[in-house]
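Contents: one structure, followed by commentary.
Chain letters run A, B, ... following the sequence lines, proteins first, then strands; residues in each count from 1. Scope of the values below: all heavy atoms of this structure, side chains included, with no hydrogens, waters or symmetry mates. Note that this is a predicted model, so its numbers are computed, not measured.
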Amino acid sequence: MDDNKKKQWTENTIFLVVILGCGLGVDNTYYLQIMTFIGINTLLALGLNMLMGYAGQVSLGHAAFYGIGAYTTAILSGTYGISPWAALVCAVSCAVFIAFVVGLPTLKLSGYYLGMGTLGFGMIVNILFREWSTVTGGSSGFVGIPMLEAGPVSFMSGRNYFFLVWMVVLVAVLLCRRILSSRMGRALRSIHDGENASLAVGVNTHFLKLQIFMFSAALGAVAGFLYAHFVMFISPESFGFMVSVKMVTMVVIGGMASVWGALLGASLLTLLPEVLHGFAEYEMIIFGLILMVVMIFMPQGLTRGLLDIYEHSRKRDKRHGN
Amino acid sequence: MVTDSVKAFSKQSLGSCDIECPKDITRSHDILNVRNLTKMFGGVTAQDDISFSIEPGIVCGLIGPNGAGKTTLFNMITGIYRPDSGQVLFNGRPTRKMAVHQLVRAGIARTFQHVELFGSMTLLENVLVGMHVRTKSGFWGAVTRMPWVMREERRAREKAMDLLEFTGLTQYAHRPAGDLPVGRQKMAEIARALASEPKLLLLDEPAAGLNPVETEALGKLIQRVKERAVTMMLVEHDMSLAMGISDKVIVLDRGKKLAEGSPREVQNNQAVMEAYLGRG
Amino acid sequence: MLLRKTTIVVLAILLCLSPAVLLAKPVYKIGGIFSSTGRASFLGDPEKKTMEMMVEKINAAGGIDGHMLQAVIYDSEGDPAKAVSAVNKLIHKDKVLAIIGPSTTPTTLAIVNFVERAQLPLISCAAGVKITSPVKPWVFKTAQSDLLAVAAVYQHIQARGIKKIGIITVANSFGESGKNQLLAQAPDFGLEVVQAESFGAKDTDTTAQLTKIKSAAPEAIVCWGTNPGPAVVAKNVKQLKLDIPLYQSHGVASPKFIELAGDAAEGIILPTGKILVTGLLPEDDVQKKILEDYQVDYQAKYKGNVSGFGGYAFDAVNLLAKALKGSNGDKNKIRRALESMAHHVGATGEFNFSAQDHNGLAPSAFVMVEIKGGTWKLIK
Amino acid sequence: MQEIIQYLFSGITTGAIYAVIAVGLSMLYSSTELINFAHGEFVMLGAMAIVTLWVHMALPLPLAFAGAVALGCCMGLLFERLAIRTARTPQPIVLVIITVGASIFLRGVAMIVWGKDPFSVPAFSRHDSIEIAGAALLPQSIWIVGAAVLLAGGIHFFLKKTLTGKAMVACAVNKKAAWLTGIPSEKMGILAFAVSTGSGAVAGIFIAPITMSSYDMGTMLGLKGFCAAMIGGLGSLWGAFAGGILLGVLESLGAGLISSGLKDAIAFILLLLILYICPGGLFSAKEAKRF
């Protein structure tokens with residue numbers, strides 16, 4: 001118990017120190033920007049990880065909430081001139097409400113059917129972004145999203161934005177941790193271990209799944225908000241089916257049911273294309289190969305896989321030492 | 001043919017059959033009334049017009065050959081299956097409209113034939129999940145960690161540790177439940193079920209896979225649970241255990257109730273012996 | 001053998017030490033962002049190749065004021081987020097003087113804010129009107145706006161005496177921008193759009209939409225899209241036996257379209273940059289020589305046919321090269337030089353930039369062609 | 001009225017394409033309980049192979065056809081052998097991500113081999129469109145519908161009537177039990193993959209003349225095929241077939257009667273409603289949840 005708490009404290013402290021170190025130590029705007037994107041993707045992966053890793057529900061349409069967050073804030077702050085911070089509240093409420101309405105029937109499905117249901121939802125939302133062009137700017141995209149400001153602090157500079165995003169990530173990590181160690185989190189993990197047993201001991205699994213669906217929608221909306229005000233331009237393509245698949249991939253490749261897995265998965269899937277740019281034409285081939293190889297040899301995801309390798313080599317070292 | 005004669009026989013010999021005397025089953029002090037329960041799967045009748053009732057505080061054995069419909073009956077009492085006809089009354093109230101978790105809150109808990117602990121969670125956490133219906137904090141409680149939430153959590157932990165002590169599992173509290181030996185897992189399931197403070201506890205083959213020593217310990221545990229005023233229903237193939245601790249025994253065969261009565265009565269029942277030995 | 005090698009090495013060393021190299025000026029780095037893979041690769045691929053070729057050519061001719069050019073090109077894959085990441089890399093990591101591209105309207109719009117903030121000239125190769133209207137100080141573009149393309153098509157339709165048209169556009173930024181222009185300009189030419197439909201970029205069949213258009217009884221159909229969708233539309237029009245003229249956009253102005261649509265391409269009329277019909281241009285056309293040279297160079301290097309899209313990058317590099325002359329690497333000077341550029345004859349047309357117009361093309365940048373016998377015929 | 005018939009024809013044409021893809025997906029599911037998200041890429045391989053073999057190399061159509069199908073089967077074999085079998089845990093989500101990786105990989109390979117430009121393939125039978133009640137129907141559509149029916153029927157027969165097919169289904173239901181009865185489950189897995197990807201290639205071959213073939217055509221087709229298979233009920237071949245036709249008709253009617261921009265959204269809303277009403281698809285075998 002106490003060991004666990006101590007471990008979490010050390011982890012969080014290390015995390016904070018790394019954020020501060022990166023933010024203050026890195027001077028190049030390009031690298032800061034990549035790390036900001038990693039932060040935004042981490043938020044997405046965190047939310048989806050709660051849903052997939054802990055509640056065991058696959059969503060193939062999660063980019064919809066990302067988009068809802070981005071478009072709500074874009075429309076409210078860009079078109080109607082409302083303060084972005086007020087727009088953030090609206091964006092999150094909107095995403096949570098839609099998650100509730102959609103989740104109510106959809107989460108009764110299971111397995112691939114749930115995948116299909118969420119996929120359909122994602123497609124519908126994306127088509128609305130594209131077709132409702134008088135409001136959303138259609139497929140050409142939405143121009144004119146204002147910059148974020150908080151009193152005297154402007155988030156125009158890459159560094160400030162980096163800190164903003166990563167502080168949000170830190171808060172989200174803490175939130176997820178708190179949920180997981182609570183009564184709700186235990187019930188959630190029990191669904192993952194055995195939904196039937198969980199039902200039989202009195203967990204209202206449907207309601208719980210719905211709650212966590214709404215929570216992950218909220219995180220998605222926050223990520224969308226941060227993305228919209230960072231790039232200051234959004235178009236439907238950034239929230240399409242492939243983005244949903246990418247989110248699922250981040251979660252699985254990082255390691256399901258692990259908060260750090262979300263971070264690792266998001267980092268890998270954000271950095272990999274940047275690194276692979278050098279291979280030009282061969283980028284897709286290499287990317288696909290890496291995805292397959294990681295999944296074949298580390299089915300538990302990178303977090304578990306790397307830990308296994310580490311422990312294995314330590315054991316071997318010990319054996320050699322003796 | 002055979003079943004018909006068996007039915008006739010059982011009616012004669014046991015006299016107090018509920019089908020014959022409907023007024024009996026409305027006795028308000030019964031904790032559980034099962035009335036004319038029928039369930040079909042595809043074309044197969046899994047439960048055929050089953051009726052019985054259980055008085056509070058007793059241990060009721062439910063026996064019968066494989067495929068007799070014992071687990072199906074449990075699933076209907078706990079609300080996982082909906083009966084095609086007939087009804088279940090718990091404390092005099094029909095349960096038809098209640099969801100599984102509502103029934104657990106009302107006081108029905110169960111264990112599984114094949115252990116279904118939450119393998120990746122510690123034993124303590126398993127018992128805490130069992131306490132789910134008796135605790136309140138939700139999403140906002142988890143996020144804000146208000147003092148009352150922390151108090152509730154502390155109390156829940158204390159109670160869970162008490163339960164683990166009661167079942168003799170204290171030393172495993174912080175081990176992942178999946179790593180425990182089977183015997184301990186069976187006990188752990190009972191601890192988890194007790195955590196929901198049930199009035200009626202359904203045990204599905206608790207002794208399956210246990211060695212004689214463990215079985216004996218299980219018998220003692222059931223006895224102690226009974227002392228806590230928990231009514232129990234028990235599906236069991238270990239006859240010495242079932243007959244030894246049950247106050248009343250119900251025999252099912254092929255979805256039908258074959259006999260009901262005290263262990264002694266049932267043991268001497270011709271039809272029951274036939275069902276177990278005669279027809280193979 | 002050995003002797004010859006030694007001589008070469010010695011010569012090389014001498015060359016390196018020669019005053020020309022000692023006085024060599026720092027290179028001018030220019031950036032490129034093209035969607036060389038992904039959905040819009042038909043745009044980005046020739047653009048990237050053209051830019052690489054042009055930079056090589058300029059360097060071979062001694063660079064600009066003695067400065068060699070260095071092209072740093074990134075792939076946006078048609079994804080706005082990737083374009084943003086690329087533009088930041090160009091601005092902050094590679095520290096380029098100016099950027100050419102991106103290839104599509106959304107990717108361009110996505111990075112406009114960043115170049116404006118960094119005060120860096122951008123010459124986009126995308127068609128959308130939104131890019132240069134309203135005018136942004138640092139953003140220019142070489143592709144003809146769909147504004148001009150629609151005007152060219154409508155002029156032709158009007159001349160035929162047609163009053164009612166049906167339109168079918170692809171559901172992406174190109175089609176959407178085209179649709180807006182088609183709807184907005186129709187009244188100016190006395191036309192009525194009786195039915196407006198759209199199709200998905202990857203749709204395998206458009207007969208449902210065309211049936212709906214057919215039932216509205218238009219006298220001509222205008223299809224606005226990029227390959228391969230419009231080829232499907234052309235085939236479906238033939239299958240439904242719709243005997244009315246079919247107009248396509250400059251988005252399909254490449255030999256690939258004729259190949260894809262096959263027999264169904266016969267009789268289709270579309271606007272195109274002059275590049276597609278270089279051979280058919282009259283000798284006195286000012287663009288003819290430039291286009292021929294570009295084609296010869298491109299074919300020699302890449303063995304493929306040129307397309308109008310590569311032409312956008314061709315013009316962008318040439319314009320930038322002109323603006324770089326005498327700028328000494330000062331971005332403000334480059335911007336001013338671009339804005340005051342006049343009578344620059346390029347592959348796409350004659351550019352006359354001004355403070356009010358950062359596209360600088362006139363409707364004459366388009367010619368109308370008809371597909372006859374599997375090839376293009378110029379319509380006068 | 002005439003328009004409605006035309007919408008139905010259009011819907012059936014597109015629907016048949018979805019159907020033929022869905023049948024392959026569903027077939028793989030019923031014998032391995034796996035959804036192959038790279039299925040669309042095998043469709044693409046079939047289409048591109050026919051472009052090369054028939055159009056570019058001018059082989060006779062039957063030969064080109066056989067070649068393209070063989071390519072699809074071989075790639076399926078390799079895929080099963082190298083990626084699916086070697087995976088350490090056969091957890092569904094992990095396998096799904098592997099197939100997603102494979103789809104990206106295959107797209108990348110196709111881009112290098114065939115380039116980025118789309119290709120067009122002439123129709124198998126060069127006739128004008130047939131007119132029925134004033135609505136036009138393409139001969140190639142009849143080809144596709146025929147192929148879909150034959151494929152669904154053939155695979156259905158194979159799974160239900162032949163010993164090998166039955167063994168394959170047995171493997172999906174319970175691998176260990178099947179192994180105990182002496183069914184070589186590994187071979188069955190490979191065979192299932194080969195048949196499924198081969199049928200994907202067949203789909204690609206028939207689709208090629210109607211649509212334009214390019215390296216990235218598979219994603220959307222695979223997605224629609226997946227939806228069709230789900231609507232029909234996974235593992236049910238006729239369900240997959242019906243689901244495909246239904247999806248196509250819904251899209252076409254949506255485009256014709258409501259709005260072409262929203263046609264996919266309309267189709268998806270209806271599909272979701274169907275799923276809510278029958279959560280296991282239209283043709284699902286009703287199974288009680290086991291406790």
For this session: Check whether any side-chain N or O of A/E237 sits under 3.5 Å from a backbone N or O of C/P80 as a donor-acceptor pair, and report yes or no.
Result: no

For this session: Side chain from CB out, backbone as N, CA, C, O: work out which of these in A/P273 comes under 4.5 Å of a heavy atom of chain C, or both, or neither.
Result: side chain

For this session: Measure A/V143 against the heavy atoms of chain C and call it side chain, backbone, both or neither at under 4.5 Å.
Result: side chain

Problem set entry | Check against side-chain contact (heavy atoms from CB on, under 4.5 Å), C/K93 and A/Y31 | CA-CA 9 Å; C/K93 194 167 157 228; A/Y31 292 119; 3.4 Å; yes

For this session: Apply the test side-chain contact (heavy atoms from CB on, under 4.5 Å) to residues C/H92 and A/Q33: give CA-CA distance (whole Å), side-chain angles for both, the deciding distance (0.1 Å), then the verdict.
Result: CA-CA 10 Å; C/H92 301 288; A/Q33 186 217 343; over 6 Å; no

Exercise. If you take all heavy atoms of A/S140 and C/L109, which pair is closest and at what distance?
Worked result: O-CD1, 3.6 Å

Exercise. Looking at A/F230 and C/F114, what are the two nearest heavy atoms and their distance?
Worked result: O-CZ, 3.7 Å

Heavy-atom distance under 4.5 Å to chain A: side chain of [X], backbone, both or neither?
X	answer
C/A86	neither
C/F174	neither
C/K130	side chain

Exercise. For the atom pair CE (A/M232) and CD (C/E116), what is the distance rounded to the nearest 0.5 Å?
Worked result: 11.0 Å

Exercise. Rounded to the nearest 0.5 Å, how far apart are CD1 of C/I91 and OH of A/Y30?
Worked result: 13.0 Å

Seminar exercise, completed: Within residues 78-88 of chain A, contacts to chain C at heavy-atom distances under 4.5 Å involve none

Exercise. Among C/A171, C/S177, C/G128, C/S36, which residue forms the greatest number of heavy-atom pairs with chain A at distances under 4.5 Å?
Worked result: C/A171

For this session: Verify the neighbour count for atom CZ of A/F155: are there more than 12 heavy atoms of other residues, nucleotides or ligands below 6.0 Å?
Result: yes

Exercise. Do A/S133 and C/E176 have side-chain N/O donor and acceptor atoms under 3.5 Å apart?
Worked result: no

